[in-house]
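Worksheet for the structure shown next.
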Number of protein chains: 2
Amino acid sequence: MKENIHQHIFNEYAQGIQAGRITPGTKLPSENELMKSYSTSRETVRKALNLLMQHGYIQKLKGKGSYVLDMGRMNFPITGLTSFKEMSGKIGRASHTHVHTTHNIEAPPAVVEALQLEPGAPVCEVIRVREIDNERVILDKDYFLPAIVGRLTAEIAAGSIYEYLEQVLKLVISYAKKEISVEVATIEDRELLDLHGLSHVVVVRNFVYLEDTTLFQYTESRHRLDKFQFVDFARRMP
Amino acid sequence: MKENIHQHIFNEYAQGIQAGRITPGTKLPSENELMKSYSTSRETVRKALNLLMQHGYIQKLKGKGSYVLDMGRMNFPITGLTSFKEMSGKIGRASHTHVHTTHNIEAPPAVVEALQLEPGAPVCEVIRVREIDNERVILDKDYFLPAIVGRLTAEIAAGSIYEYLEQVLKLVISYAKKEISVEVATIEDRELLDLHGLSHVVVVRNFVYLEDTTLFQYTESRHRLDKFQFVDFARRMP
DNA sequence: TAGTGGTCTAGACCACCCA
DNA sequence: GGGTGGTCTAGACCACTAG
């Protein structure tokens, strides 16, 4: 499992808070106490506590201690890099994915720009429609570099592509940039989604990078307006 | 003043990257070299580098080194807790704020819920309209606890309320939770904004907390659809 | 093998909070 | 004054990357 000490401490408390075993307002043991009870050094304890703080689980107060926030059990944290499959599990709604197309094509202009390709370069395009409560509300258009992912099958696309990339291809996803905007619905949006006459869709553009800083995926996630929500937790930087 | 060593190192590189003096792809000095050139310890250097990494300025590669990303100069980082005033400066567009109302009122139901108040409790309401390129595109509705902010004047509201709170009242803002969704425009939206017939607005709900974990402000920022953009940088968590 | 970043240790001094 | 978190130090061992 290769679990670090500080990650181990973080996990224990993060899970405890998320499961409600540790209630908001509770004071955590001091760094000195944690140090003893985990038989480790203070800096290691502090790494764990800082992780908990950065994730919004606790608040640290100089001279007082660390206190549990009630933000940890926050409604659906769509923040970060959470994928549709992880998310739909959390919200516990009837959801279903329909794979519309999976093929290698010449990159369309928008994708050439997004992935910084040569005009006419090949990309692997995967178009999926997400259904929640029997309504088609999300259109996902993914573009991968064939040199890296090879050819994706429909079966893979039906599940979690991230799971496949990380566990089978052993690719390590490192970071991503997201852009959220609202745009006029295209003809494709109208055909593949149940828009009920809504004129706009929320577009989430996602640029995904690997550990070696290679940009390897571009995703356009097109959501029906009324089914879109994004939650963000932010700390004030000094 | 009072600048930590690791914050100092962070600032030097962050500014260098943002100003373009350090170009993307550049390899940073190794931790050992930085340690010597700043006459400090390695853990301190690492704190600075981790900050740079968390902010998307660099990528660290085991066994190789730290490399500058081209994400640091990212377009309008509305992520985090950036306020309108800070932002409008960055995008460099003609912008103007019109203070519509500033008064203490009984909290409306939605605000009672958001700030967890007793029904009928007083709140300080500030309604402002943001103009960009001579179009009224953002409606900001702020609600503060009068016990903390007292009475805000129109002059203060015309500038940056955050500046006033932090520099005059010495309040320390610690963290915030944001929720982004799209909703049907209200009558008030139609009156105060130039919606050009658009039926929906993007609503950003902001819950702001102080250092002692007090929730003290609730903000509703209502944006015209086509003028809304949100950029997010996320790292994959282990 | 030499250099890199990732983790950990056992101390230290400081500023802050509260009794 | 005793406890708390914030910062820093000078070592150590490991896993990874490279030539």
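Each chain gets a letter, A, B and so on, in the order the sequences are listed, and its residues count up from 1.
The phosphate of D:dG6 (OP1 or OP2) has a side-chain N or O of A:Arg46 nearer than 4.0 angstrom. Side-chain nitrogen and oxygen atoms of A:Thr40 include at least one within less than 4.0 Å of the OP1 or OP2 phosphate oxygen of C:dT9. Regarding contacts with the backbone of C:dT9, a side-chain N or O of A:Thr44 is found under 4.0 angstrom from either OP1 or OP2. When the side-chain nitrogen and oxygen atoms of B:Lys60 are compared with OP1 and OP2 of C:dG6, one or more of them lie within a distance under 4.0 Å. Taking only side-chain nitrogens and oxygens, A:Lys64 never comes nearer than 4.0 Å to OP1 or OP2 of C:dC16. Considering only side-chain N and O atoms, A:Ser41 lies nowhere under 4.0 angstrom from the phosphate OP1 or OP2 of C:dA10. When the side-chain nitrogen and oxygen atoms of B:Ser30 are compared with OP1 and OP2 of C:dG3, none of them lie within a distance under 4.0 Å.
Salt-bridge formation is not detected for the pair A:Lys64/B:Asp212: no Lys NZ or Arg NE/NH1/NH2 atom is positioned less than 4.0 Å from an Asp or Glu carboxylate oxygen.
If you look at A:Phe230 and B:Phe230, their ring centroids are closer than 6.0 Å.
Side-chain polar atoms of B:Gln217 and B:Thr219 form a donor-acceptor pair below 3.5 angstrom. Donor-acceptor pairing under 3.5 Å is lacking for the side chains of B:Tyr143 and B:Glu220.
Residues B:Glu43 and B:Asn32 each lie close to DNA chain C; by heavy-atom proximity, the contact nearer the 5' end of the strand is made by B:Asn32.
Of the nucleotides present, D:dA15 is the one that pairs with C:dT4 by Watson-Crick or G-U wobble criteria, both distances under 3.5 Å.
Heavy atoms of A:Ile5 sit under 4.0 angstrom from primed sugar atoms or phosphate atoms, though from no base atom.
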